[in-house]
2 protein chains.
Amino acid sequence: MNQQLPNPLISYPEIMAARILLYDDNEALRWSMESLIADHEDLDLLAAMPDAQNLAADLLVFNPDVVLMDIDMPGINGVEAVRLIRQTNENLPVIMLTVFDDNENIFNAICAGASGYILKRYASEEIPAAIRNVMSGGAPMTGSVARKVLQMVPVAKSEEQENYNLSKRETELLQLLVNGFSYKMIGFELNISIDTVRSHIKKIYDKLHVHSATEAVSLAIKKRII
Amino acid sequence: MNQQLPNPLISYPEIMAARILLYDDNEALRWSMESLIADHEDLDLLAAMPDAQNLAADLLVFNPDVVLMDIDMPGINGVEAVRLIRQTNENLPVIMLTVFDDNENIFNAICAGASGYILKRYASEEIPAAIRNVMSGGAPMTGSVARKVLQMVPVAKSEEQENYNLSKRETELLQLLVNGFSYKMIGFELNISIDTVRSHIKKIYDKLHVHSATEAVSLAIKKRII
DNA sequence: TGGTCAATCGCATGATGATGTGGTTTTTAC
DNA sequence: GTAAAAACCACATCATCATGCGATTGACCA
């Protein structure tokens with residue numbers, strides 16, 4: 001380990017400062033972020049790049065603690081850039097900056113491995129706190145984004161988490177149905193007659209209020225009955 | 001409507017203050033929250049209840065702007081309480097307070113309809129901001145919780161997001177299949193012959209490498225092709 | 001100890017699905 | 001401007017599904 005014992009009699013503010021690397025194709029925004037970060041002693045902007053063409057090299061050269069990444073960039077866009085970062089660096093915090101908070105954007109960024117998501121219009125107020133937050137293991141998000149992320153969590157058993165009163169065996173059958181098994185295969189798998197399979201599945205349909213295997217599968221997955 | 005026009009010459013700070021209702025069975029915590037909130041002019045603690053037995057009545061009596069809800073309470077627990085609130089009030093912000101940040105707790109609370117999730121050990125620092133945040137449409141979460149919520153978002157198409165080269169029309173058909181439509185219904189819906197439906201679906205199966213509707217539906221949902 | 005229910009099985013029938021072969025028309029792309 | 005791809009349709013055949021009506025067994029409960 002690369003442990004260093006700090007001398008308690010001397011303060012090393014620059015050692016503790018969060019080393020930040022910024023990507024944004026908008027020059028005006030790069031400037032404003034630069035002055036914003038300069039206002040904070042515990043933040044240190046290493047560089048502000050207009051694009052992510054040399055992403056891998058940049059990371060090696062600057063070795064940042066945090067990356068601020070614009071989503072809409074020419075060439076390699078922000079989402080793709082995060083994906084690239086995640087291929088080599090599992091833990092480097094990446095905060096996305098964007099003007100849009102539509103579901104598609106957010107979802108893609110999160111799935112790519114972004115650690116936070118800040119709207120540019122709130123950047124000046126939120127960025128310093130967001131950087132500190134993400135450094136300590138958090139996931140800073142502009143309020144509206146956080147709301148949308150919550151809505152992405154599979155609703156599932158939210159309200160009437162009745163499992164539709166499926167019996168253990170019926171749940172088992174449904175599971176196989178979801179896995180794409182035919183009646184014949186289910187019967188073979190469970191060592192029961194195909195007529196028994198029919199019987200079970202009819203009862204499942206009744207309880208689920210559906211009339212076909214596709215409906216049952218769809219419902220089972222969406223409501224997480226399986 | 002119960003509108004009142006405020007006199008512009010007089011300031012009414014109490015009118016703007018966030019009206020807060022707190023539920024927690026721990027008396028010490030109720031006290032500390034009381035003094036914490038008292039320190040902020042824009043926050044107003046209406047009442048601190050030890051349990052949620054009279055939840056519905058409490059809401060009518062106090063008509064709060066925000067509810068702070070402990071998760072671990074005897075009788076009606078916090079998650080159940082949120083669910084009850086959501087049955088009558090879709091939009092009332094509810095911030096969960098808890099000592100645990102395990103996935104199960106978070107997931108249940110979010111699914112029940114909680115708007116935020118703050119760990120008690122950070123409450124003194126985070127609660128005032130969280131209340132303001134949630135009032136303006138946000139979803140305040142302690143950093144570690146936010147991280148976990150992100151992980152709950154179905155990863156899905158992250159990696160090899162091949163959409164299996166489905167054409168636009170084929171995706172449309174698949175969507176209907178997922179919704180439980182029969183061939184006949186799909187044909188009617190899209191104004192095409194049932195033979196065309198067959199033709200399309202056969203091609204979909206080929207591209208998805210499946211041989212039945214249930215398999216196709218299952219794959220479509222799990223891989224988020226739809 | 002009689003009633004309810006889950007699980008099992010059988011049979012029958014009409015509807016729907018899966019697959020193949022072959023064709024026309026329209027769009028898209030180079 | 002032509003080749004490829006996508007969208008459309010038809011017919012045929014066998015497999016599978018959806019549904020209904022029974023019926024038997026064992027477990028559990030009041």
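Quick note on labels: first sequence line is chain A, next is B, and so on, each numbered from 1.
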Atom-to-atom span, [atom1] of [X] to [atom2] of [N] - whole angstrom:
{"X": "B:Lys202", "N": "D:dA15", "atom1": "NZ", "atom2": "P", "value": "16 Å"}
{"X": "A:Arg198", "N": "D:dC21", "atom1": "CZ", "atom2": "P", "value": "16 Å"}
{"X": "A:Asp206", "N": "D:dG20", "atom1": "CG", "atom2": "C1'", "value": "11 Å"}
{"X": "B:Leu173", "N": "D:dC8", "atom1": "CG", "atom2": "C1'", "value": "12 Å"}
{"X": "B:Ile186", "N": "D:dC8", "atom1": "CD1", "atom2": "C1'", "value": "15 Å"}
{"X": "A:His200", "N": "D:dT19", "atom1": "NE2", "atom2": "P", "value": "17 Å"}
{"X": "B:Leu166", "N": "D:dA7", "atom1": "CG", "atom2": "C1'", "value": "14 Å"}
{"X": "B:His211", "N": "D:dT16", "atom1": "NE2", "atom2": "P", "value": "13 Å"}

Show the atom names and distances, to 0.1 Å, of all donor-acceptor pairs under 3.5 Å that link a side chain in residues 137-145 of chain A to residues at least two apart or in another chain.
residue  : atom : partner  : partner atom : Å
A:Thr142 : OG1  : A:Leu119 : N            : 3.0
A:Thr142 : OG1  : A:Glu126 : OE1          : 2.9
A:Ser144 : OG   : A:Asp101 : OD2          : 3.2

Mind checking the [atom1]-[atom2] spacing from [X] to [Y]? Nearest 0.5 Å is all I need.
{"X": "B:Asp206", "Y": "B:Ile201", "atom1": "CG", "atom2": "CD1", "answer": "12.0 Å"}
{"X": "B:Met96", "Y": "B:Asn108", "atom1": "CE", "atom2": "CG", "answer": "9.5 Å"}
{"X": "A:Leu177", "Y": "A:Thr171", "atom1": "CG", "atom2": "OG1", "answer": "12.5 Å"}

Kindly list each side-chain donor-acceptor pair under 3.5 angstrom involving residues 128-136 of chain A, sequence neighbours excluded, with atom names and distances?
residue  : atom : partner  : partner atom : Å
A:Arg132 : NE   : A:Asp42  : OD2          : 2.7
A:Arg132 : NH2  : A:His40  : ND1          : 3.1
A:Arg132 : NH2  : A:Asp42  : OD1          : 3.3
A:Ser136 : OG   : A:Arg132 : O            : 3.2
A:Ser136 : OG   : A:Asn133 : O            : 3.0

What pairs with [X] under side chain to side chain contact (heavy atoms under 4.5 Å, CB included), at least two apart in sequence or on another chain?
{"X": "B:Ala47", "result": "B:Leu21, B:Met49, B:Phe62"}
{"X": "A:Asp102", "result": "A:Phe100, A:Glu104, A:Asn105"}
{"X": "B:Glu170", "result": "B:Leu166, B:Ser167, B:His200, B:Lys203, B:Ile204, B:Lys207"}

| task | Give one of base, sugar-phosphate or nothing for A:Lys184, where a contact means two heavy atoms less than 4.0 Å apart. | result | sugar-phosphate
| request: With heavy atoms under 4.0 Å as the rule, sort A:Ser199 into base, sugar-phosphate or nothing. | output: base
Where do N or O atoms of nucleotides 24-30 of chain D meet protein N or O atoms at under 3.5 Å, pair by pair?
none

| Range on DNA chain C touched by chain A, heavy atoms, distance below 4.0 Å | C:dA6 to C:dC11
| request: For DNA chain D, determine which residues of residues 187-196 of chain A have any heavy atom closer than 4.0 angstrom to one of its atoms, and list them numerically. | output: none
| field | Toward the 5' end of DNA chain D, by each residue's nearest nucleotide, A:Lys203 or B:Lys203 | value | B:Lys203
| query | Of the options A:Leu219, A:Ile221, A:Leu173, which is the one that meets A:Val178 in a side chain to side chain contact (heavy atoms under 4.5 Å, CB included)? | reply | A:Ile221
| message | Using the salt bridge (Lys or Arg N to Asp or Glu O under 4.0 Å) criterion, which residues pair with B:Asp51? Sequence neighbours excluded. | response | none
| query | Does A:Asp195 have any salt bridge (Lys or Arg N to Asp or Glu O under 4.0 Å) partners at least two apart in sequence or in another chain, and if so, which? | reply | A:Arg198
| query | Any donor-acceptor pair under 3.5 Å linking the side chain of A:Asn77 with the backbone of A:Val79? | reply | yes
| End-to-end axis angle, where each axis spans five pairs of the helix from C:dT1-D:dA30 to C:dC30-D:dG1, to 10° | 60°
| Per the side chain to side chain donor-acceptor pair (under 3.5 Å) rule, which among B:Gln175, B:Arg169, B:Lys168 passes with B:Glu172? | B:Arg169
| Can you name the side-chain hydrogen bond (donor to acceptor under 3.5 Å, both in side chains) partners of A:Lys120, sequence neighbours left out? | A:Asp24, A:Asp70
